[in-house]
Amino acid sequence: MKIIDKIYVDGRFTAPHGTATQDLYNPSTGEKIGIVHLGDQIDTDQAIEAAKKAFVTFSKSTVKERGEILQRLHDAILANEEELNKAAVEEYGSPISATKGRTRYAAQIFRDTKAAMESFEFEKQLEYATIVNEPLGIIAAITPWNADYTHICGKLAPAIAAGCTIVIKPSELSALQTQILTECFDQAGVPKGVINIVNGTGPVVGTVLTAHPDIAVVTFTGSTQIGRVIGSKAAETMKRVTLELGGKSPNIILEDADLQKAIPLALAIGFSNSGQACHAGTRILVPESKLEEIKSLIIENMKNIRIGDLWNSESYIGPMVSQKQYDTVQRYIQSGWDQGAEILVGGPGHPEGLGGFYAKPTVFVNVTPEMIIAKEEIFGPVLCVITYKTEEEAITIANDTIYGLSAYISSGDTEKAKQIARQIISGRVLINTAVNRESQSPFGGFKQSGIGRTSWAYGIDEYVEPKVIAV
Ligand code: NDP
């Protein structure tokens, strides 16, 4: 049993003033594996105070000094890679191959941000004025459980680059993972008070951070529902907000796509991170004329998707993070069934031989755009196949959503796919691929998928404010 009974404030691991605790579970088995002690308002206020004190000096640090810190943070993560991977497999239920990729990516964020910072225009001299991009102040970062390391590092790295200090409220469901990550940050020799981490609930720690007058920016990843609460609360003190919210991403398989490639790719995109991914391509739009062929290919390709056995590098799908998330997925499967969609593979309950919080990877066909499963973010391994008659109709269905985070197109004609991509309302559109290899890209959403962008210089931009000094 692991006990997480410290928070990280002013460069020290310290016992929280808060007395509440929360149990931690292994989602593969449902067994209790730990307890986390939760911080309260006093802990959060102390963390903000430490960040405020540190900002006085850190905001005046040089690009060279901050570059060295970013490099050390990168190195510390790689030095603890195995421990980080182990915690993510045990606590989050992420298969090892995906886990390794995410841990490496968390380290890479610091390197990429260092490069972006080195070419960032912190000052611009005009004929009569100097424009100075000043660090905004204290950042509050509120993160979810579905990729603990990448979300925390993705919010921390640009804060360091900009010269800001930070208070992080991670998800309690990731407490074991966050503990090891915090030890990495501690080993990296960051000036005290620059990074503060307070375990605690959203309604307690999250609410204090969102309302506190000394917080300049709230950067949040999570549900659109909580994003709305944070956005409106933050507006009372005119905080800047960066909101990376939900998605219901379309994946358009065009008539000319090579289905032998497009279908396995669509399943990989849809079941990415066991379906617990904001960018998962969960609405698969297919030409009506090819439906029967596509159904056969889905059934055939599902046999190659390995579920469970998380330490096997071939495994692709793990359990849901919690009983609550498992129950949510079951409710959506029931809703699809009730509204008349047909279960092609999967269905309710656990996969054979697996317990814990494992849900069956499920693909629905005969789905219409009005159904709840086609509209709402399920955040589990449940995909909808929707047919279209013309490309125009495919684009209309793709855009018929409150979200706009990611979209995918499979086509034999890249130029045509690019033309269609320009008509999709989405923060990114990936063509014939699941991965954007361009590290200099921004990440974020249109519509109710959020406000602002993370990654590369776009992330630094969110944490600075231009000041004009004119003579
Ligand atoms: P939430 O959006 O509820 O939580 C995300 C983070 O916000 C957590 O750290 C949470 O803390 C915190 N939070 C909750 N309430 C508040 C508040 N009032 N003020 C400030 N912070 C708050 O996500 P859930 O974990 O509950 O998941 C629910 C659904 O959200 C999923 O099913 C999925 O649809 C979506 N989601 C989307 C993600 C994405 O990447 N876009 C990531 C995770 C979830 P606490 O843990 O204490 O609630």
Side-chain angles (χ1 to χ4, degrees), residues 18 20-24 27 36 38-41 44 91-92 102 140-152 154-155 167-175 177-178 197-212 215 218-236 239 241-249 272-280 282 320-332 357 359 372-373 375-382 401-406 427 443-445 447-452 454:
T21 60
Q22 184 166 314
D23 294 340
L24 303 169
V36 55
L38 305 175
D40 62 8
Q41 164 147 17
T44 315
E91 184 182 42
Y92 176 50
R102 273 199 299 274
I142 302 174
T143 59
W145 38 262
N146 65 329
D148 189 61
Y149 307 147
T150 39
H151 288 310
I152 290 178
K155 294 178 186 326
V167 179
I168 300 166
K169 189 218 94 59
S171 168
E172 315 84 274
L173 299 181
S174 313
Q177 298 160 80
T178 306
I197 301 182
V198 183
N199 291 316
T201 66
V204 177
V205 177
T207 301
V208 176
L209 289 172
T210 311
H212 201 291
I215 296 289
V218 183
T219 172
F220 167 79
T221 300
S223 61
T224 295
Q225 192 191 357
I226 299 297
R228 280 189 204 108
V229 174
I230 289 175
S232 59
K233 191 76 203 160
E236 288 174 18
K239 296 183 194 337
V241 287
T242 305
L243 305 173
E244 199 271 273
L245 310 175
K248 191 74 186 176
S249 303
S272 156
N273 203 4
S274 309
Q276 300 174 128
C278 48
H279 52 75
T282 49
M320 301 298 89
V321 69
S322 62
Q323 181 69 46
K324 183 178 157 212
Q325 198 62 23
Y326 172 84
D327 293 341
T328 301
V329 169
Q330 298 306 312
R331 273 199 304 279
Y332 276 112
F357 310 143
I372 290 169
I373 53 168
K375 282 192 171 307
E376 295 184 8
E377 181 178 49
I378 298 174
F379 230 61
V382 181
T401 169
I402 61 163
Y403 297 111
L405 190 61
S406 271
F443 186 73
K447 300 194 273 183
Q448 295 187 36
S449 283
I451 295 174
T454 55

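Excluded from the calculations below are hydrogen atoms, water molecules and symmetry mates; all remaining heavy atoms, backbone and side chain alike, are included. Both ligands and their constituent atoms are indexed starting at 1 by order of listing.
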Close-contact set for ligand 1 against [X] heavy atoms, below 4.0 Å:
X	value
Gly206	19 (N), 20 (C), 21 (N)
Leu245	41 (N)
Ile142	6 (C), 7 (O), 9 (O), 12 (C), 20 (C), 21 (N)

Nitrogen or oxygen atoms of [X] and ligand 1 under 3.5 Å apart:
X	result
Phe379	no
His151	no
Glu377	yes

Minimum heavy-atom distance Ile230-Thr210, with the two atoms named: O-CG2, 3.5 Å
Glu244 side chain to Thr454 backbone, donor-acceptor under 3.5 Å: no
Under 3.5 Å: donor-acceptor pair, side chain of Ser406, backbone of Ser249: no
Starting from [atom], locate the nearest protein heavy atom and write down its residue, its atom name and how far away it is, to 0.1 Å.
atom	result
atom 32 (O) of ligand 1	Gln325 NE2, 3.1 Å
atom 43 (C) of ligand 1	Pro144 CB, 3.4 Å
atom 25 (O) of ligand 1	Trp145 NE1, 2.4 Å
atom 6 (C) of ligand 1	Phe220 CE1, 3.6 Å
atom 45 (P) of ligand 1	Glu172 OE1, 3.3 Å
atom 8 (C) of ligand 1	Thr143 O, 3.6 Å
atom 48 (O) of ligand 1	Gly202 N, 4.2 Å
atom 39 (C) of ligand 1	Cys278 CB, 3.6 Å

Option of least heavy-atom distance to atom 16 (C) of ligand 1 (set: Thr207, Asn199, Ile226, Ile230): Ile226
Of the listed options Ser223, Ala280, Gly445, closest to atom 30 (O) of ligand 1 (non-hydrogen atoms): Ser223
Any donor-acceptor N or O pair under 3.5 Å, side chains Asp148, Thr178: yes
Donor-acceptor pair between Glu377 and Tyr403 side chains, under 3.5 angstrom: no
Gln225 atom CD, over 12 foreign heavy atoms within 6.0 Å: no
Lys233 atom NZ, neighbour heavy-atom count above 12 within 6.0 Å: no
Does [X] approach ligand 1 within less than 4.0 angstrom via side chain, backbone, both or neither, non-hydrogen atoms only?
X	answer
Leu173	neither
Lys248	neither
Thr201	both

Parallel, tilted or perpendicular, as decided by the 30° and 60° cut-offs, for the rings of Trp145 and Tyr92: tilted
Ligand 1 contact by Lys324, heavy-atom criterion under 4.0 angstrom: yes
4.0 Å heavy-atom contact, Thr221 with ligand 1: yes
Derivation and outcome, side chain to side chain contact (heavy atoms under 4.5 Å, CB included), residues Glu172 and Leu38: CA-CA 8 Å; Glu172 315 84 274; Leu38 305 175; 3.8 Å; yes
Asn146 and His151: CA distance, side-chain angles, deciding distance, side-chain hydrogen bond (donor to acceptor under 3.5 Å, both in side chains) verdict: CA-CA 9 Å; Asn146 65 329; His151 288 310; 3.0 Å; yes
Stepwise side-chain hydrogen bond (donor to acceptor under 3.5 Å, both in side chains) test for Thr221 and Lys155: CA-CA 10 Å; Thr221 300; Lys155 294 178 186 326; 2.8 Å; yes
Verdict with reasoning, Thr143 to Phe220, per side chain to side chain contact (heavy atoms under 4.5 Å, CB included): CA-CA 6 Å; Thr143 59; Phe220 167 79; over 6 Å; no
Verdict with supporting geometry, Tyr149 and Gln177, side chain to side chain contact (heavy atoms under 4.5 Å, CB included): CA-CA 8 Å; Tyr149 307 147; Gln177 298 160 80; 3.4 Å; yes
